[in-house]
Every structure is written in C-alpha cells, then in structure tokens.
Amino acid sequence: MSLAFASAPLSAEQARAESIGYQALAYVGKRLPLQVLCSAAGHYIGTADVDGPVSRESVSYFRSHHAAEHALQTGRWQQRLNP
C-alpha cells in the first residue's frame, strides 16, 4: 500500500484549510504547518521540521518574503499536487 494513501486521509483542499502541508503529509507522513521558506530559486510556501525544509507546497516562487506571506495569508497561491 502506498504511503500517500496510508497517511494522507485529507485532500489537498482539506490540508490547506487546516494550514498544513499536503505534500508533507501525503509523501512524508508528517503533519506540518504551512510557512514561508526560501531557497536559491526564491521564496515559497512549504513546510519544515527541525531538520530543515520538508516540502515545497506552492507551485510558484515569490519575489519576496512579504509577497509569499501575503499569498499564504490571503490564500492566493496554488497547491502543488505532485513532488
């Protein structure tokens, strides 16, 4: 059985409503809060744990931390469905 089905009883929409990372839950089995993270490609909405970044949840990268935070707060971002 796939880990995605065993540990991700939530849909992407439900995970987003709960402000947790769908990718992190579906593919890593971790229920982590959404937050703004930064990589060499830019700022993005994702999840992290004590060891560092776990998932990139947003399709897009944002030009600034402020823009990504605004997108997260207003819900104006698109969820990645596949890693």
Asker: Do you know which two heavy atoms are closest between His43 and Ala68, and how far apart they sit?
Answerer: CB-CB, 4.1 Å
Asker: Considering non-hydrogen atoms only, spot the tightest contact between Thr47 and Ala24 and give its length.
Answerer: OG1-CB, 3.5 Å
Asker: Quick one: CZ on Phe62 to CD on Glu69, what's the gap to the nearest 0.5 Å?
Answerer: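 It comes to 10.5 Å.
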Asker: If every non-hydrogen atom of Leu81 is compared with every non-hydrogen atom of Gln23, which pair is closest and at what distance?
Answerer: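 Closest heavy-atom pair between Leu81 and Gln23: C-NE2, 3.2 Å.
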Asker: Hey, could you give me each pair passing salt bridge (Lys or Arg N to Asp or Glu O under 4.0 Å) that has a residue in residues 43-57? Not counting sequence neighbours.
Answerer: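 Output for this query lists Lys30-Asp49.
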Asker: Can you see which heavy atom on Tyr22 is nearest to which on Leu10, and at what distance?
Answerer: CE1-O, 3.6 Å
Asker: Could you give the distance from CG (Leu37) to OH (Tyr61), rounded to the nearest 0.5 Å?
Answerer: 10.5 Å
Asker: Restricting to non-hydrogen atoms, name the atom on Ser64 and the atom on Ala67 that form the minimum distance, rounded to 0.1 Å.
Answerer: OG-N, 3.0 Å
Asker: Nearest 0.5 angstrom please: Asn82 CG to Tyr27 OH, how far?
Answerer: 4.5 Å
Asker: Working to the nearest 0.5 Å, report the span between NE2 of His65 and NE2 of His70.
Answerer: 14.0 Å
Asker: If you measure from CG on Leu25 to CG on Leu32, what distance do you get to the nearest 0.5 Å?
Answerer: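 The CG atom of Leu25 sits 9.0 Å away from the CG atom of Leu32.
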Asker: For a quick test of reading the model, state the closest non-hydrogen atom pair linking Tyr44 to Pro53 and the distance between them.
Answerer: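 Closest approach of Tyr44 to Pro53, heavy atoms only: OH-CB, 3.8 Å.
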Asker: CD1 of Ile45 to CG of Leu72: how many Å apart, nearest 0.5 Å?
Answerer: 4.5 Å
